Each structure stands twice: as C-alpha cells, then as structure tokens.
Amino acid sequence: MSRACGSGTLLGLNKKRSARPQSMSVRTRFAPSPTGFLHIGGLRTALFCWLYARRHGGQFILRIEDTDLERSTPEAIRQILDGMEWAGLDADEGPFRQTERFARYREVIELLLAQGKAYRCYCTKEELDRLRAEQMARGEKPRYDGRWRDRVDSRPGVQPVVRFKNPLHGEVVVEDAVHGRVVFQNSELDDLIISRSDGTPTYNFCVVVDDMDMRITHVIRGDDHLNNTPRQQNLLEALGCKPPIYAHLPMILGADGAKLSKRHGAVSVLQYRDEGYLPEALLNYLVRLGWSHGDQEFFTIDDMVRSFDISDVNKSASAFNPEKLAWLNQQHLMRAPPERLAEPLRWQLERLGVVGADEAKLLRIIMVQRERCKTLVEMAAQSLFFFSAPTSYDEKQVRKHVSTAVVDILRDLAGALERLGEWAAPALHSLISGAADRSGLSLGKVAQPVRLALCGGTVSPPIDATLAILGREESVDRLRRAVNEWALMIPPLP
RNA sequence: GCUCCCUUCGUCUAGAGGCCUAGGACACGGCCCUCUCAAGGCUGUAACACCGGUUCGAAUCCGGUAGGGAGCGCCA
C-alpha cells in the first residue's frame, strides 16, 4: 500500500504569481456524501476540482463518502453519478466508495493504536452529552476533555470508540490557496473519534486515509471544511504524511442571500437539465461564482480549462442569480453549433408529445429560434406549431389584425405561395412585402395575420423563415384554413 | 458562548497605494434597429460596511467596531 502523498508546494498564495503547472502530477478529488442529491454547490466544487486537474493535465478522482450507513442511499449515489455525467465532469479514477475500504481504515486505526497515537475511550453518549451541556452552560467551547487519553483500563459492558491523540500544545498552520495562512491553536482542538463503538470509521479519519492513499495533491472543497482542516492535518502528520494543498471555496447562497436549503433553490442539478439548461451554461454560470478571469463572462468548457486558476478564486460567498443563469444559457444556445442542440431539443419536444422530428428540420428550427429562447424548454414550446397546425387562433389578436381586406390579401397570398418558384426565405420575403406594397399596407399589417394563420399567435421567428421551414403545402393549407374560418367571423361591410 | 472565515452597485465581479470622476456583466429604465418576439447597438440609475491609523496619496496596507457565515456530533 502506497504511503506517498502530495508534496506540499504552496501555490496560489501570491495572487497573480501562482505556480505554473508543477512537475508532480496534480490529483484532485470530489467526495460527495450520498445523503441527498447533487446540487449546485456540490457541482461547483466538483467543477473546480475537475478544472484544476484538467488545466494541469492531472487526474480527477470521484469518491463516494458513504460511511454514514444510516443516511447513505443507492438512489443518491445513482443520482450523483447521473448529475456528474450530464455535466460532463468525467472522473479519471473511481467512483470509489468508502464502504469498500473499511478493512484499510481498520488497519490504520490499529496502527495508530499500536503506536500510541490513538486510544480507546469508554465514555457513553450520555456521559458526553452531559459534558457538552456543562461546558455550554459555562460558556465554553464544547469539547471532549481527554479523560480516557491516558487510561489503560477499560469499562466492562461498554464498546469503546477510538480517539485520535491530538497534540495538546502548539499551533497548526493551514496554508490555504484561497484564504492564505490560517492558524489554529491545538488547545482549541479535542481528541476526535476516528472509530465508532460499532467499529466503523468516521468521516474526518476516512478523508485523511483516502486522500493519503489516493495521493491527492490538492484538496479543493467548500469552506465549511476549513475548520476540519487542522484536525486532518494533525492526523496526516501522525501518519507520517505531508499535507496536500488545501483550497477552500466560498459557499453558494440562495437567490435571497440565505443559505441554500431544500426550500431555497437547492435542487438537483438534473432539474436544470429538465428545465432546458445546457450543462455548459450551468457550468459557465457556476465557474463565475467565486472566480473570474478579467471581464470575461462567456466561457466554453475549453475556455474554462484554459483560464482556470485557483489563485483567482475569491473568498466571499455568492448568491445564486437565476436571471444571469438564464442569460448565459441563451448565450450558449446562440453560440453552440446547432448540431449540439438537436438532441436536447428533440428530448424536450418529446416531452411535449412531438415524436419523430427529423434532424434537418430540427436544425433549421434551432437556427431561427435560438436567439429568442432562454431555455430549450422554451424553444420546444415555441416551436410546437412547426409540428402541428394551430387548433385555435388568439381571438384578441384576430380582432386586432384581421379585416375583410386582410382576408382578401391572405387569400391571394395563398394562391401566390402555391405558384411561387423557389420556396426559400428571400423569395418568400419579397412575395409578402410585394403583397403589402400593392395593398398600401406596411409589412407588419400583412405579416401579423399570416403569422396568426400559421402559428395561432403573434409570436414566431421572422415570417419568411417560418414559412420556409413549414413548407409550401403546410403553409398554404394553414393559410386557407384560417381564411375560411375568419371569413365567416367577420361580417361583410355594409 | 468559544474558534475560524467573510465584507466593492439589488446580484456576479474587476481592482494587488497614484492608471478610480471605481470598470465590466445580469437585472431594471430610455433611445436606435424592426413584420411579432427576440437578438444586437447606444445610453441611464446604482457600490468601496463603519471608525481610526500608516502614507505626499488608500477600495487597496495596519488596528478596531459592526454585520454576515461556518465549525464546535459515535453527521459528512
């Protein structure tokens, strides 16, 4: 079993003067616990780990921290894996599961015990609860007082836990790549439990053993872990290992500035897929939360990999802003190769009941719709009329745009369209504007009723483009059907 | 309560002592373009938490205050 671990080149401590890719191979890891779905906070952490590894040609490792047997679920694991896959954050190693490594943890615990670096504690939970309550009452920081630290006896009938002998004096210095130097006093730390009374290892311990065994060089995680870091560093030291480089990322808050919770926008990342967001747009949005690269707002995945640097990460928490996400999604829709959008659009259309749309038609729709939609859900909904004729017409708009004169124009137009030579946007445009001119009407006065006839409403891509995609037969058909219906509705002029 | 962290427009951010009359982006308003809706262009409103100090000069450095957050589990 390898004992090697990351050598601690301190990087990123000097802003704008960060280390170039170092000779040792960068290894990062994302280590979610499967007690719930993967939400944007987790995704952002995963993204930064992934980007850092990719940027430096290193490895990105996925590890499932499922030591909490009570709360971990297979569905959550599935869900996390699906989310990562959708986002395109591919792991070079893993997913590893901590439950598969219990023998290894046991081995390290025995080692620490044998070396006198850990000890058995026979306190009961009740005893510890009492201790905590007393300390709180006295206004002290609640912590274990080390009462079994130097005892060699045992207490019959009590299954002991194993605690790590944290140094009593001195300080622990965390050299954090985003926060800089953070100093903790050992006197503030207590002897943490590394093995429960049922023999299972605990989180802080497993993390350390795993990061050591997996030779993780950069631990990039949420800054809610900053307070755990000194303990982990002490543990690592007791194991004869130099600490990795730590980078603690600021939290992401809900849109209201409050902590992300189930009630405040903490939804599965897969929900963004369902709502019609592109993963690259979500990632683009997320990468700009707590990180920036000058004034650049739009990043492709490649742009991110090229530009990402831990030393540009900032320290303060940021609020999630759905409007900006929507804007970025539209930017990505507008700039992506149309082929990129075909499958996700098809999927959204299918959810609305449109089956078997052909690829070429989808691409044409994408070209005319992408700059008028924030999401693929919107694009699909606004493109339904390309697949089925309107079943009704917006009544208010009909009253506004349709008159007997207009009905006559549309009737003529239907005939002209039938005879038109080349069925393409430029020819369609001149045909319609010609018809408008001859009637002394503006283009809009003709285009709007045509739109109403084709789509049922007054919002669509440019009328020539809409006709072009709909095709001659379908267009003429819809126009005639509308003309017939409207001719009955409108009373003839006296 | 104790320890640690954070603080520039409503939001995301630029800014590493003079380039700052504080820049960009989202959102919001106005104008332009225009067959609808958009997209796009131009433009407007809007911020250095506060108080001291260092300095010829501070958003930037130092100290304090206030506010916010995290951690203090046989959770992760």
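Just so it is clear, the structure is predicted and the values come from calculations on it, not from any experiment.
- A donor atom on one side chain and an acceptor atom on the other are not found under 3.5 Å apart for A/Asp191 and A/Asn166.
- Residues meeting the ring pair (Phe, Tyr, Trp, His ring centres under 6.0 Å) test with A/Phe298, sequence neighbours left out: A/His332.
- Partners of A/Glu127 under the salt bridge (charged side-chain N to carboxylate O under 4.0 Å, His left out) rule, at least two apart in sequence or in another chain, are A/Arg147, A/Arg155.
- With C1' as the reference atom, B/U13 and B/U7 are 14 Å apart, rounded to whole Å.
- By the ring pair (Phe, Tyr, Trp, His ring centres under 6.0 Å) test, A/His429 pairs with no residue at all, sequence neighbours left out.
- Applying the side-chain hydrogen bond (donor to acceptor under 3.5 Å, both in side chains) criterion to A/Glu237, with sequence neighbours excluded, gives no partner residue.
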Extract from the structure each pairing of a protein N or O with an N or O of nucleotides 72-75 of chain B at less than 3.5 Å, listing the distance.
from, atom 1, to, atom 2, distance (Å)
B/C72, O2', A/Pro142, O, 2.5
B/G73, OP2, A/Arg132, NH1, 3.4
B/C74, O3', A/Arg196, NE, 3.4
B/C74, O2, A/Ser197, N, 3.0
B/C74, O2, A/Ser197, OG, 2.9
B/C74, N3, A/Ser197, OG, 2.9
B/C74, N4, A/Cys123, O, 3.2
B/C75, OP2, A/Arg196, NE, 2.1
B/C75, OP2, A/Arg196, NH2, 3.3
B/C75, O3', A/Arg196, NH2, 3.2
B/C75, O2', A/Asp68, OD2, 2.7
B/C75, O2', A/Arg71, NH2, 3.0
B/C75, O2, A/Arg71, NH2, 3.4

Heteroatom pairs (N/O) under 3.5 angstrom, protein to nucleotides 30-32 of chain B:
none

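- Residues of residues 441-450 of chain A having a heavy atom closer than 4.0 Å to RNA chain B, listed by number: A/Leu443, A/Gly444, A/Ala447, A/Gln448.
- By the ring pair (Phe, Tyr, Trp, His ring centres under 6.0 Å) test, A/Tyr277 is found to be paired with A/Tyr272, residues two or more places apart in sequence or in another chain being considered.
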Would you tabulate the nitrogen or oxygen pairs shorter than 3.5 Å linking the protein to nucleotides 66-68 of chain B?
none

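- To the nearest angstrom, C1' of B/A16 lies 12 Å from CG of A/Asp312.
- In this view, A/Arg138 and A/Glu140 satisfy the side-chain hydrogen bond (donor to acceptor under 3.5 Å, both in side chains) rule, not counting sequence neighbours.
- Under the salt bridge (charged side-chain N to carboxylate O under 4.0 Å, His left out) criterion, A/Arg364 pairs with no residue, sequence neighbours left out.
- Look at A/Arg63 and A/Glu65 and you find a salt bridge, because one of the NZ, NE, NH1 or NH2 atoms lies within 4.0 Å of a carboxylate O, short of that distance.
- Within 4.0 Å (heavy atoms only), A/Gln330 reaches sugar-phosphate atoms of the nucleic acid but no base atom.
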Protein and nucleotides 40-46 of chain B: nitrogen or oxygen contacts under 3.5 angstrom:
from, atom 1, to, atom 2, distance (Å)
B/G40, OP1, A/Gln331, NE2, 3.3

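- Rounded to an integer number of Å, the gap from A/Lys315 NZ to B/U13 P is 14 Å.
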